[in-house]
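One structure is given below, encoded as structure tokens.
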Amino acid sequence: MRALALALLAAAIGQAPVAAQQIYDLLLKGGRVIDPKNRRNERLDIAIAGGRVVKIAAEIPAAQARRVANVSGYYVTPGLIDIHAHVDAQGAPLNLNPDHNTLRYGVTTVVDAGSSGWKNFEQFKSRVIDRSKVRVLALLNIVGAGMYGSKVEDDVGEMDPEAAARMVRKYPGTIVGIKTAHFQPATWDAVDRARKAAELSGSVLMVDFHPKPGRGYRELILEHMRPGDIHTHFYGRLTPQLDAQKKVQPYMLEARKKGILFDVGHGSGSLWFRIAVPAIQQGFLPDTISTDLHKQSVMLPRATMTNVMSKFLAMGMTLEQVIERSTINPAKAIHRPDLGSIEEGGTADVAVLALERGTFAFLDSGHGKLTTDKALRCVLTVRNGEVLYDAEGLSLTDWRQAGPYSNFK
Ligand SMILES: [Zn+2]
């Protein structure tokens, strides 16, 4: 017994220093970190423990981490933020499962843009938001029943600013603002009631807008929207952002100066290269890049986050510009400055992206094709310190060195 006790003690002493050195859960080693908020674009190691980023340095020894992902040759960015998607998977008809359609594209925060309203948000929360690994936030539809077709979405009686604002205030960490969409009657009711709800709740407003006679786009962005409000789908065909000579309309510049934000919201109908290319050539870039991902847009135009980002690279934006509009800009737009960056002490939400070279073709909403020589692909996603997607096995062990079955989890 004494010999056994001594042996155990010796083993404990012998192993203690090794165990003590492994102070990190995960080390992302050797990647090129692009973090626009902190103006970083350099090779850095990132150590993660307890779900937080705990150290960022040029060199952190691999022996100090229980798990090491060699990410040299890849870009390491803050977890991507998609502020326009539809992920009420068990509710509104076109919605997708959030985890399956975000994490493998580097998205760690997704905002459901108005799939539910104040009448059904709590069901959405309990059956989807609370059960997802990806952080799901929401813009609450000003329509109480949410996106359930034109019958309810055109019904002004469904639009109660006080009830919507009460629901936003009840879930301040989850509901980031108000959404109005799809409204067809030629009145300002939907926009103005949504704006009122945003004002009452101190939250942001996102507008999807279909101009009608007497209800024009210029008036929307200059008179009915306020600084910080977001117009989504702004490279779509419904709104007149260019003149007949494809020149950006002066009211677009005026609205931007006033503080109106312009969001992509790709979707099935809202990214047209024939609009976006001339706008970008004239320097009118999006403030935020988002997918409007749903059951249709995920198919032919393939509006996944990394694809939408790749389309903007192909249209001439720099990698830094694209990442800024997919991380810190959307974080600011939804008033969540705690997201969209990689900082010591911050939540460990990180994307690792490959910038691949070759021949790639991307489609727009009109199924027009743009051929390019580079594309972004997500290879690894960390959410709250946990590796949830690892396409190349970068954080994993070769099977021949993996040891007994009990090591596999
Ligand atoms: Zn949408």
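Positions are given from 1, in the same order as the sequence printed here. Ligands are counted one by one from 1 in listed order, and the atoms in each one are counted from 1 as well.
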Counting only protein atoms, how many N/O/S atoms are less than 2.8 Å away from the Zn ion (ligand 1)? 3

Apply side-chain hydrogen bond (donor to acceptor under 3.5 Å, both in side chains) to T174 and list each qualifying residue two or more places apart in sequence or on a separate chain. none

Counting only N and O atoms by type, is there a donor-acceptor contact under 3.5 Å from the side chain of D229 to the main-chain atoms of I260? no

Residues E122 and K170 bridged, charged N to O under 4.0 Å: yes

Sole residue of H231, H233, H210 in ring pair (Phe, Tyr, Trp, His ring centres under 6.0 Å) with Y217: H231

K37 side chain vs N329 backbone, donor-acceptor pair below 3.5 Å: no

Applying salt bridge (Lys or Arg N to Asp or Glu O under 4.0 Å) to R226 and E199, what does each step give before you reach the verdict? CA-CA 10 Å; R226 296 280 171 272; E199 187 183 313; 5.9 Å; no

